[in-house]
Amino acid sequence: MIRTAGANAMIDDAPAHRMFIGGEWVSSGTGRTFESRNPADRRDLVGRFQAGDAADVARAVRSAEDAFPGWRATPAPKRGEILYRFGALLAEHKEELARAMTREMGKVLQEARGDVQEGIDIAYLMAGEGRRMAGDTVPSELPDKWAMSTRVPIGVAGIVTPWNFPMAIPCWKTMPALVTGNTVVIKPASDTPLCVTLLVELMAEAGFPDGTVNLVTGSGAEVGDAIVTSPDVDVISFTGHTSTGKRIAEIAGRRLARVSLELGGKNGVVVLADADLDLAVDGIVWSAFGTTGQRCTAASRVIVERSVHDRLLAMLEARVRALRVGPGLDAATDVGPLINEAAVAKVASYVEIGRGEGDLVCGGRPATAGELAHGSFFEPTIFTNVRPMDRIGQEEIFGPVLSVIPVDDFDAAIVALNQTRYGLSSSIFTRDVNRAFRAMRDFQTGIVYVNAGTIGAETHLPFGGVKETGNGHREAGHAALDTYTEWKSIYVDFSGRLQRAQIDNQPTDGGDAR
Ligand code: UN1
């Protein structure tokens, strides 16, 4: 049983959850706490958490630094075994973790299970890396000389995670960091501290040594900033807004700390006239309204050839009007709440902007009927006749709002798809293999789907995007190892004499033959 997931969290005066530093559950020196509430019903207090500050971060970073030499010296396969145990614990507790996630974050239970599963997948994948983590062994240009490269950990990783994938993303970041021998300080989003607290409990149970995993809860302004500015945090991984990511890169850049950023998206689905429209509608509805549109990978634009616009729109509208909005724990619900009231206000403000840009097809208001009035719900919304450069076609709304952009042909579709500052995910529906391959080549995104929506990345492939979606790093896959390691190249000369690279191997004819 997971300790903190007790029913007593429902009681208003339940003790606050604690932070995890140096292998102990501790209170913040501030003596302050903050609340996490259920976005489907704000009357439900999920729990109270420590409002940490810079002093707490300093304690956590020190404990991570202290644990680093021992963890770094632990053979990677042994580290991997602990990751494997953590994955098994996630699998064992999958249902209660998923329910806790739905209660705290709102996504429908089936998707919360998927979120936990993504954590399990990356734990197992990275556990395997403990026995693999390949470097290169290559021939030397000189005789009797050995040449190879190997990965080494960087040190203390500061992990700042979002609320939309409140278990998967913390696992995406911590698992590669830990298997490669780094120690971590995690700061979860203020909207989902319970989800990460539960993960950290299971990490402790799995056997990560004291100090290798540290958890500090609190605000971005206090805890997040302290992690980013700490001279002893060697690598920072952040998922969130592009504006915050740029600030982090600036601050960390001053001390040349490595930063991996996973930022915004304005993902588009291209539907060509020859597409299987039923399949396209399935993919669009799932990608645009799954997780209430709160995925970095969510489809927020449909770029459709004008000749099939009316048919596609009619099919889409019928499907979207039938979506049931409600609490994620209710099996009948298709679309759960937004994360909080500020998100409802933001989405509503974009709908107002959209009214002046495109034509509202359906939705457009907060959903407040009956019990929904106690939560942060918004109707699934479609606009059409949006132009590529309209604000609702350009800015990340992070909610259930889809803009349909009609275009004349495939060439115009490619231009429209790429006409954004972001470049995370994209998709094309077509039966024409030549056009599918052109899309795979010409769509400027880190992820491209053919005949599928924009969501559904698997953990063994690199995840991330181009342009202002990131700074060149990737999560997941073996690409994630690059974020948390330095390369070390090693030469062993067993000739017993001085051999000079680039000099002793000059062509005997002095190079004239070339
Ligand atoms: C995110 O939206 O931040 O591909 C992550 C997907 C999920 C991960 C999304 N596997 O939509």
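FYI, side chains are in, hydrogens and waters are out, and symmetry mates aren't considered; it's all heavy atoms of this structure. Order of listing sets the numbers, starting from 1, for every ligand and every atom in it.
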* Structure fact -> If we number the atoms of ligand 1 from 1 as shown, the ones under 4.0 Å from a heavy atom of G456 are 4 (O), 6 (C), 11 (O)
* Asked: Above 12 or not: heavy atoms from other molecules or residues under 6.0 Å from CD of Q110?
  -> no
* **I455 neighbourhood, listing ligand 1 atoms whose heavy-atom distance to it stays under 4.0 Å** => 4 (O), 11 (O)
* When you look at NE2 of H374, are more than 12 heavy atoms from neighbouring residues, nucleotides or ligands closer to it than 6.0 Å? -> yes
* Within a distance under 4.0 Å of any heavy atom of A457, pick out the atoms of ligand 1 and give their elements. => 4 (O), 6 (C), 10 (N)
* Structure fact -> With heavy atoms and a 4.0 Å threshold, my read on which part of E118 contacts ligand 1 is side chain
* For N164, counting its heavy atoms only, list the atoms of ligand 1 lying under 4.0 Å from any of them. => 1 (C), 2 (O), 3 (O)
* Asked: Is I169 in contact with ligand 1, taking contact as a heavy-atom separation below 4.0 Å?
  -> yes
* Give a yes-or-no answer on whether the side chains of T291 and K107 include a donor-acceptor pair shorter than 3.5 Å. => no
* Do you know which two heavy atoms are closest between A298 and N267, and how far apart they sit? -> O-ND2, 2.8 Å
* **N-O pairing of R365 and E379 below 4.0 Å** => yes
* Starting from atom 9 (C) of ligand 1, which protein heavy atom do you reach first, and at what distance in Å? -> F165 CE1, 3.6 Å
* Does the ring centre of Y449 sit less than 6.0 Å away from the ring centre of W286? -> no
* Asked: Which atoms of ligand 1 are found less than 4.0 Å from any heavy atom of R295?
  -> 2 (O), 6 (C), 7 (C), 11 (O)
* To do: Output the list of atoms in ligand 1 that are nearer than 4.0 Å to some heavy atom of T297, sorted by atom number.
  => 2 (O), 4 (O), 6 (C), 9 (C), 11 (O)
* **Atom CZ of R421 with >12 non-hydrogen neighbours under 6.0 angstrom** => yes
* Structure fact -> C296 heavy atoms within 4.0 Å reach ligand 1 at atoms 1 (C), 2 (O), 3 (O)
